[in-house]
Amino acid sequence: MVTPSMQLIGEALAEVASISVDDALALVDGGDAVFVDVRERAEHTAGAIAGAVAAPRGFLEFVADPTSPMHSPALSSGKRLVIYCASGGRSALATKTLQDMGYADVANLTGGFQAWTEAGGPTE
C-alpha cells in the first residue's frame, strides 16, 4: 500500500519544529538564522526570501552533506536553519530530512513563501 503524501507531511510536522512567519521575521535582522529555499528553480520567478540559500528538494541531501561537492557551507554555519517552500508541505519533509541527517536546529516555516509574502517579509 502506498502512503499518501499528506500523511507523510503530517508525520513530518509531528516530528519537527515549526516557526511562524512573525517569529521568522524577527530572525531576519539578527543574522542568527539561515533561510533555506527548497522550491524548484522555476518557482523562483515569484521571488525568494532575501538572502536565502537555494537547496531544491531533489538536491537537499547533497547540499546539506558536508562531504558532498554540492555542499553549501551556509547549512553548516551553526545558525538556525529555517526551511521553506511555497506553502509548507515540501519544507516539512525537508526539515525532517535535515533532522534525520543530524541537523539539530532546524524549523519548518509555517505557510511557506506564500505566508512570508503575505506578511510583507523581505524578498528578492
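Each residue takes its place number in the sequence, starting with 1. Scope of the values below: all heavy atoms of this structure, side chains included, with no hydrogens, waters or symmetry mates.
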*When rounded to the nearest 0.5 angstrom, what distance separates CG in Leu93 from CG in Leu13?*
8.0 Å

*Looking only at heavy atoms, what is the nearest atom pair of Ala54 and Arg41, with distance?*
CB-NH1, 3.2 Å

_Exam field: side chain Asn108 to backbone Thr110, donor-acceptor pair closer than 3.5 Å_ = no

*Ser5 OG to Arg90 CZ distance, which is reported to the nearest 0.5 Å*: 11.5 Å

*Going through the distances and angles, do Thr97 and Arg57 end up as a side-chain hydrogen bond (donor to acceptor under 3.5 Å, both in side chains)?*
CA-CA 10 Å; Thr97 296; Arg57 179 72 187 98; 3.2 Å; yes

*Applying ring pair (Phe, Tyr, Trp, His ring centres under 6.0 Å), which residue pairs with at least one partner in residues 9-34 are found, sequence neighbours left out?*
none

*Would you say Glu124's side chain and Gly51's backbone share a donor-acceptor pair under 3.5 angstrom?*
yes

*asked:* Applying a strict under-4.5 Å side-chain criterion to I, L, V, M, F, W and Y, I'd like to know whether Tyr103 and Val38 cluster together.
replied: yes

*With sequence neighbours excluded, residues passing salt bridge (Lys or Arg N to Asp or Glu O under 4.0 Å) with Asp105*: Arg80

*Atom CG of Leu60 and atom CG of Asp65: how far apart are they, to the nearest 0.5 Å?*
10.5 Å

*Backbone N/O of Val16 and side chain of Lys96: donor-acceptor pair under 3.5 Å*: no

_For Pro73, is there any backbone N or O sitting under 3.5 Å from a side-chain donor or acceptor partner on Ser76?_
no

*Are any side-chain N or O atoms of Glu43 and backbone N or O atoms of Glu40, one a donor and one an acceptor, separated by less than 3.5 Å?*
yes

_Which residues end up grouped with Ile49 if you chain together Ile, Leu, Val, Met, Phe, Trp and Tyr wherever their side-chain heavy atoms are less than 4.5 Å apart?_
Ile19, Val21, Leu25, Leu27, Val28, Phe35, Val82, Tyr84, Leu109, Phe113, Trp116

*Is the side chain of Ser20 donor-acceptor paired with the backbone N or O of Asp23 at a distance under 3.5 Å, no angle test?*
yes

_Show the nearest heavy-atom pair for residues Ala107 and Ser18, with the distance to one decimal._
CB-C, 4.4 Å

*Spacing of OG belonging to Ser68 relative to CZ belonging to Phe59, to within rounding of 0.5 Å*: 10.5 Å

*Would Val34 and Met101 show up in the same hydrophobic cluster when neighbours are defined by side-chain heavy atoms closer than 4.5 Å?*
yes

*Between Val53 and Ala74, what is the shortest heavy-atom contact and its length?*
CG2-CB, 3.7 Å

